[in-house]
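The structure under discussion appears below in the form of structure tokens.
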Amino acid sequence: MLYIGVDLGTSAVKLLLMDSQGEIRNIVSKEYPLYFPNPGWSEQKPEDWYAQTIAGIKELLKDFDKSQVAGISFGGQMHGLVILDENDEVIRPAILWNDGRTYEECDYLNNVIGKEKLSEYTANISFTGFTAPKILWVKNKEPENFARIHKIMLPKDYIAYKLTGVHCTDVSDASGMLIFDVKNRCWSKEMCDICGVKEEQLAKIFESYETVGTVLPSVAEELGISADVKVAAGAGDNAAAAVGTGTVGDGMCNISLGTSGTIFISSNKFGVDKYNALHAFAHADGHYHLMGCMLSAASCNKWWMDDIIGTNDYGAQQKEITKLGENHVYFLPYLMGERSPHNNPNARGTFIGMTMDTTRADMTQAVLEGVAFALRDSFEVAKSLGIQIDRTKICGGGAKSPLWKKIIANVLNLKVDIIESEEGPAMGGAMLAAVACGEYAGVEDAAAKIVKVIDTVEPAPELVEKYEARYQQFKEIYPACRELFDKIQ
């Protein structure tokens, strides 16, 4: 049988076709626009997501026996607010995860409602990217749209609804809304009251590997597949990527170097750090995870290469970097503000330490190292909870760089395992579809049989020592700049 994984990203939807043995048979990507109507705002049209998903599935399957398709599932950009009216029509463009307009609403939630109450209700505090402050923003700034809301959905769940007619979500994606009681895996009545919404306006909750329904007859006919094809709930992109990299079960770690960057630690037990610096979310394997999320990771390097240097030959620029652990230039990678662990939408990208002998290679190296140092900031929080991690998987576009993987291994002093397939959320989505269809006994079983480690980047003691000294300097820069960031904002 064949299984489709849909990775609904920020710039494109990636569709992956996997067979029963876990082999990738085809991959297709379809782009769609991203809109910035005001500084700090970030929006997309859900209709674009669906149109490109359908076009992508058609292309994905064109050379295959469509009768063999058994299941579809998802990984998707998290936190985005999709609101539908009573006719299930989109009311306004989706407000995305990297949108920073909800500063006032976050201040209200964290400082008026209070972080302790938020953590009690949801296991998390408010960040500008989360969904609850977006709901409050619409309530405060667009009351006419708020009054029309019949259903509140997340990006990938809109695609699932269009395929099945079922308003659904999964526990991992719902965890990032700040309306979900993570510990008890249900909607929080208290947060519904705070946001002014009713539980019936929210989607039905499923575990990531559960079937939400089958494809509608009209969709089946358009795609040329059976109307018996199962659609599984899927997961938020980071949880789906964790499934795709085998980061399931207790004490596993994955680092994702995508548009955003994450360090993801799976756990069989629910836990929250006392400052809520890390997100405490439900995991797609039926358990829990801690996650540190930085808003700009590989996108920092893309910005530096594409917009500043003006080249698309990333490898050539990295070849000039030869002296690791000795760079005198530092870079704060906060181009979109920052989430973990600082929770500061006013934070900004910053170079510091340049001299007359600074080279372009030094600046490029600083960008790569800055992302690694920022990931370590979150890793340090996890270590403060007594969590012991000595190795990690890695995925995302940035993971294609051997140099960046080496830097991360030594900055975090972790063994970095390279897996055979680095397809992340799309692979995780296909695996969840296979579990829903009974191909595998569970998520951990699927990961054990499908995910293969083919290489490991080992940290070198002398480099670890050099980067330890550099990190101790790096972590002093943000506190020194924090008040200035607020002033220049």
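Note that this is a predicted model, so its numbers are computed, not measured.
The aromatic rings of H279 and F281 lie parallel to each other, their planes meeting at an angle below 30°, with 60° marking the opposite boundary. In this structure, F474 and Y471 have parallel ring planes: the angle between them is below the 30° cut-off, well short of the 60° mark.
S119 places no side-chain N or O within 3.5 Å of a backbone atom of K115 that could act as its donor or acceptor partner. Under the 3.5 Å distance criterion, the side-chain polar atoms of S42 are left unmatched by any main-chain donor or acceptor of L96. A donor-acceptor pair is defined here as one N or O able to donate and one able to accept, closer than 3.5 Å; no such pair exists between the side chain of T102 and the backbone of K134. Judged by distance alone, the side chain of T128 and the main-chain N or O of G100 form no donor-acceptor pair under 3.5 Å. Looking only at distances, no side-chain donor or acceptor of H289 sits under 3.5 Å from a matching main-chain atom of S172. Using modelled atom types, no side-chain atom of K30 and backbone atom of G56 make a donor-acceptor pair closer than 3.5 Å.
Among all heavy-atom pairs drawn from Q77 and T10, the shortest one is NE2-CA, 3.8 Å. Scanning all heavy atoms of the two residues, the minimum distance from P459 to L414 falls at CD-O, 3.4 Å.
The OG1 atom of T131 lies 12.5 Å from the CZ atom of F180; values are rounded to the nearest 0.5 Å. Between the CD atom of E420 and the OG1 atom of T245 there is a distance of 14.0 Å, given to the nearest 0.5 Å. Within the model, atoms CG of L332 and OG of S296 stand 12.0 Å from one another, a figure rounded to the nearest 0.5 Å. Rounding to the nearest 0.5 angstrom, the gap separating the CG atom in D173 from the NE2 atom in H79 is 8.0 Å.
Under the 4.0 Å criterion applied to side-chain N and carboxylate O atoms, E43 and R101 are assigned as salt-bridge partners. E207 and R185 are joined by a salt bridge, as a carboxylate oxygen and a charged side-chain nitrogen come within less than 4.0 angstrom of each other. A salt bridge links E380 to R376: at least one charged side-chain nitrogen sits closer than 4.0 Å to a carboxylate oxygen. Between R482 and D486 there is no salt bridge, since no side-chain nitrogen of the basic residue lies less than 4.0 Å from a carboxylate oxygen of the acidic one. Of the charged side-chain nitrogens involved, none lies within less than 4.0 Å of a carboxylate oxygen, so that E120 and K117 do not count as a salt-bridged pair.
With hydrogens and angles left out, the side-chain atoms of Y32 and Q44 include no donor and acceptor closer than 3.5 Å.
Between T259 and W97, the closest side-chain pair of non-hydrogen atoms falls below 4.5 Å. Between Y334 and T350 there is no side-chain heavy-atom pair separated by less than 4.5 Å.
Partner of S126 under the side-chain contact (heavy atoms from CB on, under 4.5 Å) criterion, chosen from D107, N276, N110: N110. The residue from D7, D237, D170 that alone fulfils the salt bridge (charged side-chain N to carboxylate O under 4.0 Å, His left out) condition with K156 is D170.
K162 forms a cation-pi arrangement with Y50, by the criterion of a distance under 6.0 Å to the ring centre and an angle within 45° of the ring axis.
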